[in-house]
Amino acid sequence: MADFAPIDFEMMARALSLAGRGMYTAHPNPRVGCLLVREGRVIGEGWHRRTGEEHAEVNALADAGIAAEGSIAYVTLEPCSHHGRTPPCVDALVKAGVRQVFVAMNDPNPAVAGEGVAALRKAGIDVRVGLMAAEAESLNEGFKRRMTKRLPFVRLKIAASLDGATSMKSGESKWITGDESRQDVQKLRASSGAILSGVETVLMDDPALTVRGEFADNGGRQPIRVILDSRLRMPPTAKMLGLPGRTVVFCVDDSNRRALEGAGAIVVRVAEKGGRPDLVAVLHEIADMEVNDLLVEAGATLVGAFLMERRVDELVIYQAPHIMGSETHGIANTPDWLKLDQRFALRFTEASMIGRDLLVRARPAN
């Protein structure tokens with residue numbers, strides 16, 4: 001920390017704010033912001049908007065123009081040094097004559113991590129790494145997880161009453177939470193690469209699993225819809241199959257795949273665990289689809305499976321201020337948990353009001 005001055009923190013914080021503008025549009029690429037500063041004054045700024053478009057550094061350099069020569073760059077992620085959909089950002093920074101670069105975090109991709117910093121230093125540019133690294137990593141937890149673990153960041157969304165009910169015994173659940181909570185869910189969907197549910201939810205509710213409202217304006221991209229359906233009971237007439245975007249169905253018995261594939265679904269057979277698709281195998285497949293953040297919106301059985309297998313990175317719970325009583329379904333079915341020491345220990349990270357509801361975020365305690 002001794003290497004970083006107050007102005008460095010100020011400028012990197014602004015770069016992180018720019019990176020956040022790509023929250024709903026940048027994936028599967030990371031969210032990245034860049035600031036160019038000369039004599040304490042910002043002369044250029046940019047962020048990565050969409051895959052295939054210019055990276056944050058190039059946008060900032062274009063904003064600064066010829067003034068970029070001799071400037072200091074603040075970048076939230078290590079500049080790329082390889083040719084992908086766009087040329088290397090390292091080359092652009094060197095060509096522009098930037099004299100110093102502050103990098104919040106290294107690229108988590110093990111195949112390229114450190115190469116961008118090394119290339120800048122080889123070109124004679126002073127590079128400092130680690131400024132506000134934790135804040136930068138929080139913007140790209142899913143990208144880091146996919147690059148290092150071949151897994152997406154799994155976020156479990158739950159709407160429940162104060163007594164933990166998610167539906168009446170009949171299955172009636174519209175609507176437990178208020179309008180504000182349901183709008184907030186659209187933000188979660190828009191920031192996710194895929195939304196996962198189970199076939200029981202499809203059979204009961206025939207959901208669309210799409211981003212709606214103001215957050216649907218994200219370049220036309222819809223999250224991949226993922227359905228776990230052991231024996232392909234999903235009807236070809238399901239609403240989501242007629243909507244824009246991909247629907248991927250994971251199964252363990254694909255003898256009925258033709259009808260679903262004919263309706264536009266992508267059917268993937270995976271390893272079996274307890275008669276159902278193995279969650280780890282499913283998550284690896286989802287990561288291979290370039291999904292950084294996975295949002296789970298499912299019934300109690302599937303939610304329970306994720307919890308029992310410790311495959312949840314964050315819970316987002318919208319809790320409504322009413323009691324639904326005993327003739328209801330709860331948040332999760334966890335038949336394997338019979339003793340207190342089997343509990344899934346959590347730590348609260350946020351509690352706030354959203355309309356009339358309580359929004360609670362929690363993460364595994366360990």
Side-chain angles (χ1 to χ4, degrees), residues 151-161 164-177 181-182 184-186 188-189 191-211 222-235 238-241 245-252 265 268 270 273-283 285-286 289 291 293-319 328-337 344 346 360-362 364:
L151 293 168
F153 186 92
V154 178
R155 186 170 283 108
L156 188 61
K157 181 246 88 173
I158 296 169
S161 63
T166 58
S167 70
M168 301 305 295
K169 194 173 183 178
S170 64
E172 181 186 0
S173 61
K174 296 182 178 180
W175 295 103
I176 292 175
T177 54
S181 291
R182 295 197 297 277
D184 197 64
V185 171
Q186 299 306 314
L188 288 178
R189 289 183 174 184
S191 64
S192 302
I195 305 170
L196 183 148
S197 195
V199 68
E200 295 295 344
T201 298
V202 175
L203 295 173
M204 176 71 71
D205 300 330
D206 194 18
L209 297 184
T210 55
V211 180
Q222 285 288 345
I224 300 170
R225 296 177 289 270
V226 176
I227 304 300
L228 301 195
D229 183 2
S230 301
R231 284 164 178 78
L232 298 184
R233 293 185 292 142
M234 182 177 178
K239 181 192 301 181
M240 68 179 68
L241 293 177
R246 285 186 286 167
T247 299
V248 181
V249 183
F250 287 99
C251 66
V252 297
V268 179
V270 293
K273 185 174 182 179
R276 297 188 175 94
D278 179 85
L279 286 186
V280 175
V282 168
L283 292 175
E285 291 282 351
I286 291 172
M289 296 174 190
V291 171
D293 299 276
L294 174 67
L295 180 64
V296 178
E297 298 188 40
T301 299
L302 191 48
V303 167
F306 271 91
L307 290 171
M308 286 189 294
E309 293 197 29
R310 268 53 179 183
R311 291 296 165 185
V312 177
D313 299 303
E314 182 179 51
L315 286 91
V316 182
I317 304 173
Y318 299 89
Q319 197 163 32
T328 56
H329 295 288
I331 289 173
N333 293 336
T334 54
D336 291 352
W337 291 355
F344 192 158
L346 300 166
V360 175
R361 289 178 180 262

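Just so you know, residue 1 is the first one in the sequence shown, and it goes up from there.
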Chemist: Using modelled atom types and a 3.5 Å cut-off, is there a donor and acceptor pairing between side-chain atoms of Arg225 and backbone atoms of Gly245?
Modeler: yes
Chemist: Taking all non-hydrogen atoms of both residues into account, name the closest pair between Ser161 and Ile176 and its distance.
Modeler: N-CG2, 3.8 Å
Chemist: Does the side-chain contact (heavy atoms from CB on, under 4.5 Å) test come out yes or no for Phe153 and Leu294, once each step is laid out?
Modeler: CA-CA 6 Å; Phe153 186 92; Leu294 174 67; over 6 Å; no
Chemist: What distance separates Ile331 CD1 from Ser167 OG, expressed to the nearest 0.5 Å?
Modeler: 11.5 Å
Chemist: I'd like to check Val226 versus Phe250 (side-chain heavy atoms, cut-off strictly below 4.5 Å). Are they in contact?
Modeler: yes
Chemist: For the pair Phe306 and Leu196, evaluate side-chain contact (heavy atoms from CB on, under 4.5 Å) and give the outcome as yes or no after the intermediate values.
Modeler: CA-CA 11 Å; Phe306 271 91; Leu196 183 148; 3.9 Å; yes
Chemist: Quick check against the 3.5 Å criterion: does Asp206 have a side-chain atom that pairs as donor or acceptor with the backbone of Lys239?
Modeler: yes
Chemist: Report the distance from atom OG1 of Thr247 to atom CD1 of Ile195, rounding to the nearest 0.5 Å.
Modeler: 10.5 Å
Chemist: Does Arg233 reach the side chain of Val202, with side-chain heavy atoms less than 4.5 Å apart?
Modeler: no
Chemist: To check you understand the geometry: which heavy-atom pair defines the closest contact between Val291 and Pro152, and what is its length?
Modeler: O-CB, 3.6 Å
Chemist: CD1/Ile227 to CG/Leu203 distance, rounded to the nearest 0.5 angstrom?
Modeler: 10.0 Å
Chemist: Could you state the interatomic distance from CG (Asp293) to CZ (Arg189), rounded to the nearest 0.5 Å?
Modeler: 15.5 Å
Chemist: To the nearest 0.5 Å, tell me how far Cys251 SG sits from Leu232 CG.
Modeler: 4.0 Å
Chemist: Is it true that a side-chain atom of Ser197 and a backbone atom of Thr201 form a donor plus acceptor pair closer than 3.5 Å?
Modeler: no
Chemist: Rounded to the nearest 0.5 Å, what's the gap from CG on Leu307 to CH2 on Trp337? Could you check?
Modeler: 5.0 Å
Chemist: Might you point out which heavy atoms bring Val270 and Pro277 nearest each other, and give the distance in Å?
Modeler: CG2-CB, 3.7 Å
Chemist: Is it the case that more than 12 heavy atoms not belonging to Met168 sit under 6.0 Å from its CE atom?
Modeler: yes
Chemist: Strictly distance-based, threshold 3.5 Å: is any side-chain N or O of Asn333 a donor or acceptor partner for the main-chain N or O of Gly304?
Modeler: no
Chemist: Using the rule given for side-chain contact (heavy atoms from CB on, under 4.5 Å), can you reason through Tyr318 versus Arg182, listing the C-alpha separation, both sets of side-chain angles and the distance that settles it, and then say yes or no?
Modeler: CA-CA 9 Å; Tyr318 299 89; Arg182 295 197 297 277; over 6 Å; no
Chemist: Do the side chain of Glu297 and the main chain of Ile158 share a donor and acceptor less than 3.5 angstrom apart?
Modeler: no
Chemist: May I ask you to test the Glu314-Leu156 pair for a side-chain heavy-atom distance under 4.5 Å?
Modeler: no
Chemist: State, yes or no, whether a side-chain contact exists between Lys157 and Val296 at a heavy-atom distance under 4.5 Å.
Modeler: no
Chemist: Specify the closest pair of heavy atoms between Gly275 and Ser230, including all atoms of both residues, with the distance to one decimal.
Modeler: O-OG, 3.5 Å
Chemist: Is a side-chain donor or acceptor of Ser192 paired with a backbone partner of Leu188 at a separation under 3.5 angstrom?
Modeler: yes
Chemist: Out of Ile286, Asp313, Leu295, which residue meets the side-chain contact (heavy atoms from CB on, under 4.5 Å) rule with Val154?
Modeler: Asp313
Chemist: Taking Asp278 for the side chain and Val280 for the main chain, is one N or O donor matched with an acceptor at less than 3.5 Å?
Modeler: yes
Chemist: Is it true that atom CZ of Arg155 has more than 12 heavy atoms of other residues, nucleotides or ligands lying nearer than 6.0 Å?
Modeler: yes
Chemist: What are the two closest non-hydrogen atoms of Gly330 and Ala300, and how far apart are they?
Modeler: O-CB, 3.6 Å
Chemist: Look only at the side chain of His329 and the backbone of Lys169, and say whether a donor-acceptor pair between them is shorter than 3.5 Å.
Modeler: yes
Chemist: Given 3.5 Å as the limit, does a donor-acceptor pair link the side chain of Thr166 with the main chain of Ala160, or not?
Modeler: no
Chemist: Should Gln222 and Arg246 be marked as a side-chain contact (heavy atoms from CB on, under 4.5 Å) after you check the CA-CA gap, both sets of side-chain angles, and the distance that decides it?
Modeler: CA-CA 8 Å; Gln222 285 288 345; Arg246 285 186 286 167; over 6 Å; no
Chemist: Of Thr301, Leu228, Val282, Val252, which meets side-chain contact (heavy atoms from CB on, under 4.5 Å) against Arg276?
Modeler: Thr301
